[in-house]
Amino acid sequence: TSPRAEKKALLREHWNELGEGEGMRAFSSGQRPTQPPLALVAPLVALAYLAAPAQAQAAGVPSPFTVKSAGDFVGWPRGPGNGQLQGNDHFHIVNSGPCAINEARLHKYASSLSASPNIMAVGGDHGKAVAECISGACDSMPRITFDWDLPMDGDPGLVSPGGHAAGRNASNLTEAIERSWPRCERGSWKPVVPSTVHVSVYQNTVAFAAAGCLELQGMDLEEEEWTYVTSLPKSLDLKTPAGAKRRGGALKPELFGSRVALGNGVAVATGAVDAPGYPPVVVVFSLLGASWEQVDVLECPPGGGPDGCACAEGRGGCFGAAVAVYGNRVAVGNPGNGTVVLYEQDGGVPLTWSPVHAFRSTFDTLTSSMFGASLSLGETLLLVGAPSSGAGARAVIYSVARGSRGFGSALYETADHCCKLGLPCCISGLVGSATALAEYADEAAAVVGDPRSAQVHVIRCNTSAVRDGAGEEGAACQPSVTVQGPASPGLSPAAVGPDGFGGSLAYGGQMILMGHAARHCSVVGPMQACGTVCEVPLCAPGYCLLYEISLDQEFCQQCTDKARCKGGMKTCSAGDAGALSAMALSTALFFLLFCCLYCLSAFSRASGPISLLCELLCCLPLGGSTGRERLLSEDGG
């Protein structure tokens, strides 16, 4: 049998199978089967495809995150609340979104975390950290890897395959990585390798700090490269402003940089003075012209509680255990005596900062509370974390709005609402291990980590009401979302430490970034890669969540009418993001493309204008033979 005969036999068999349908029976009776115009099929398919995002949003629930009720937390610790979450339009529990791949191969990746709209910086163990772009404005930028133990330039032990030295600030991995190192060598002293690199980001500048050195790197968007800014301190001798009551002294280099915060022209870092019994200090640096200089030293104010400012070396709950910067203000936590001191820059020269308010822990807990162990500062709000060794941990939001009659008052504390909602944070011991804050003109989002429950809590605050003096707790701030993250494998909740999910937090690129430094660390070696950063979108006011079906994820889409979109995790309606007009335009363009391709096909068959028009509109067989005869003809196929 010839191949052509076999082909015709197969075609005939296939045709007979199709002939069992209604259309084929009509064709056998001499009637032409009713065919839909093919020119309309493709646009209809495109319309159905483009309509899928709108259908995904119809339920009003952030997709692909799964909304849960309190009943899903079977077997978890419960508070006295009834856990009635269903039917509450203002509070949801969702699963965390995608988690980042630890491409930099850091051990305990996300031990520290900070972000801005363009940059995410992640600190790891063993003196390593990384910063990378998280926005479309710099998507072609390489990431920068900071390594405390990187060899010097020209080291023969580190040469790239091309023969070029791959020392400090040069990539020995790929072209998409830049390298940096601490440039704080002074005389015979140089930085030791620290256990954790602490990071802080402000706009397009990132600070790496630990074990004696604070280095600033800037992102140059035009040149698409990282630019070295400076390394601090330039001297171990502390400068004290003239007329200020500061004791000063010389820094212990190995203890400088245990915490860091970066702001607009201001950087602060925790250090220790090389003198017996001297409590930690917070060193303030300021950008004077084109140069960063040390301008002030913040010292623990005396008389701050039963423990005062006493602090043994190596103790974690001392003055400077947490620092935060916003504008001309600096907040410093002292968990040892349960206080947070808010400083404000004095006017004039020299630049000095003076305490304006002290926030004290007033909560009764069954175990010791580390009030001030984590801090986030904004123009209107101060978020204070108070984790503990057992039940009673919480986070508290205070008003710091200038000129407000409610200044210094507590606006919200997590324990009360967690118990009312029946969430594990009611009795969890590590609530407040990490905090983050995003403030806008009239709203703010306060983010609180709860590693023991593998949860992150988002509280929405009306900053307009705060500025107007809303001092009653719960009047301006309400819980909005609880994000459920991946649990620590092989560990019971009670065994999870502050490096669990939510142990580090940041807000950047309209996303909540949630660190889980201990993820998979129990199954790898002490120098091998482990840890991750998960994300969930949290839109700014004027944006809403839109589901991208091709990527199977959501992103924040700017609304056509910004007044209608309150931000957060509210999904877009059809009109919010111009979805209907976009679908209509996409359908029209697809139809135009289909017509062009069909015309080219018809011209290649030398069809005349009338035939072309008929084919395009009706797609009818125009020859003298029927479709069956053409299909089975000798030249068919």
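We're numbering straight along the sequence, starting at 1.
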Contact between Met120 and Leu513 at the side-chain level, heavy atoms closer than 4.5 Å - yes or no? yes
Val281 versus Pro279: any side-chain heavy-atom pair under 4.5 Å? no
Looking at Ala395, is its backbone amide N or carbonyl O close enough to the side chain of Thr414 to form a donor-acceptor pair, meaning the two atoms are under 3.5 Å apart? yes
Does the side chain of Ser195 pick up a donor-acceptor pair with the side chain of Asp125 at under 3.5 Å? no
Does the side chain of Pro301 reach to within under 4.5 Å of the side chain of Tyr343, using non-hydrogen atoms? yes
Cut-off 3.5 Å, no hydrogens considered: what does the side-chain donor-acceptor table look like for residues 97-105, sequence neighbours left out?
unit_1	atom_1	unit_2	atom_2	d
Asn102	OD1	Arg105	N	3.2
Asn102	OD1	Leu106	N	3.2
Asn102	ND2	Leu106	O	2.7
Asn102	ND2	Cys530	O	3.3
Glu103	OE1	Arg143	NH1	3.2

Looking only at atom types and distance, does a side-chain atom of Ser114 sit under 3.5 Å from a main-chain N or O of Val201, one as donor and one as acceptor? yes
What is the ring orientation for Phe285 with Phe256, classed by angle as parallel under 30°, tilted 30 to 60°, or perpendicular over 60°? perpendicular
Any heavy-atom pair between the side chains of Tyr412 and Arg460 that's under 4.5 Å? no
Could you tell me whether the side chains of Glu413 and Tyr398 share a donor-acceptor contact shorter than 3.5 Å? no
Can you tell me which residue among Thr270, Val332, Val268 is in a side-chain contact (heavy atoms from CB on, under 4.5 Å) with Arg259? Thr270
Main chain of Leu381, side chain of Glu439: is a donor-acceptor contact present, judged purely on distance under 3.5 Å? yes
Does the distance from a Lys or Arg side-chain N to an Asp or Glu carboxylate O, for Glu293 and Lys234, drop under 4.0 Å? yes
Determine yes or no for a side-chain-to-main-chain donor-acceptor pair under 3.5 angstrom, with Gln484 supplying the side chain and Ala454 the backbone. yes
Under 4.5 Å between any side-chain heavy atoms of Phe371 and Ser388, yes or no? no
For residues Gln203 and Ser116, is any side-chain donor paired with an opposing acceptor at under 3.5 Å? no
Does one side chain, of Thr482 or His457, offer a donor that lies under 3.5 Å from an acceptor on the other? yes
Contacts of Ser111 meeting side-chain hydrogen bond (donor to acceptor under 3.5 Å, both in side chains) (sequence neighbours excluded), chain-then-number -> none
Do we see a donor-acceptor contact under 3.5 Å between the side chains of Thr145 and Glu178? no
Could you name each residue pair satisfying ring-ring contact (aromatic ring centres under 6.0 Å, His included) that touches residues 509-533, not counting sequence neighbours? none
Under 3.5 Å, is there a donor-acceptor pair linking the side chains of Thr339 and Asn337? yes
Verify side chain to side chain contact (heavy atoms under 4.5 Å, CB included) between Asp147 and Arg179, making sure each step is shown before the conclusion. CA-CA 7 Å; Asp147 194 336; Arg179 306 297 290 270; 3.5 Å; yes
Within the structure provided, determine whether Leu538 and Met511 are in side-chain contact (heavy-atom separation under 4.5 Å). no
Side chains of Thr463 and Tyr440 in contact at under 4.5 Å (non-hydrogen atoms): no
Could you check whether any side-chain N or O of Arg329 sits under 3.5 Å from a backbone N or O of Val400, counting only pairs where one atom can act as donor and the other as acceptor? yes
Pairing donors with acceptors under 3.5 angstrom, does anything connect the side chains of Gln345 and Thr352? no
Could you walk me through whether Cys138 and Met219 pass side chain to side chain contact (heavy atoms under 4.5 Å, CB included), step by step? CA-CA 9 Å; Cys138 53; Met219 175 186 285; 3.8 Å; yes
SG-CD distance between Cys213 and Glu254, expressed to the nearest 0.5 angstrom: 13.5 Å
Side-chain contact test, heavy atoms from C-beta onward, threshold under 4.5 Å: evaluate it for Leu221 versus Asn204 and give yes or no. yes
For the side chain of His107 and the backbone of Gln528, is there at least one donor-acceptor N/O pair under 3.5 Å apart? yes
Inter-residue atom distance Ser376.OG - Leu383.CG, 0.5 Å rounding: 5.0 Å
Using side-chain contact (heavy atoms from CB on, under 4.5 Å) as the criterion, point out the one residue from Tyr228, Phe208, Trp292 that pairs with Leu216. Trp292
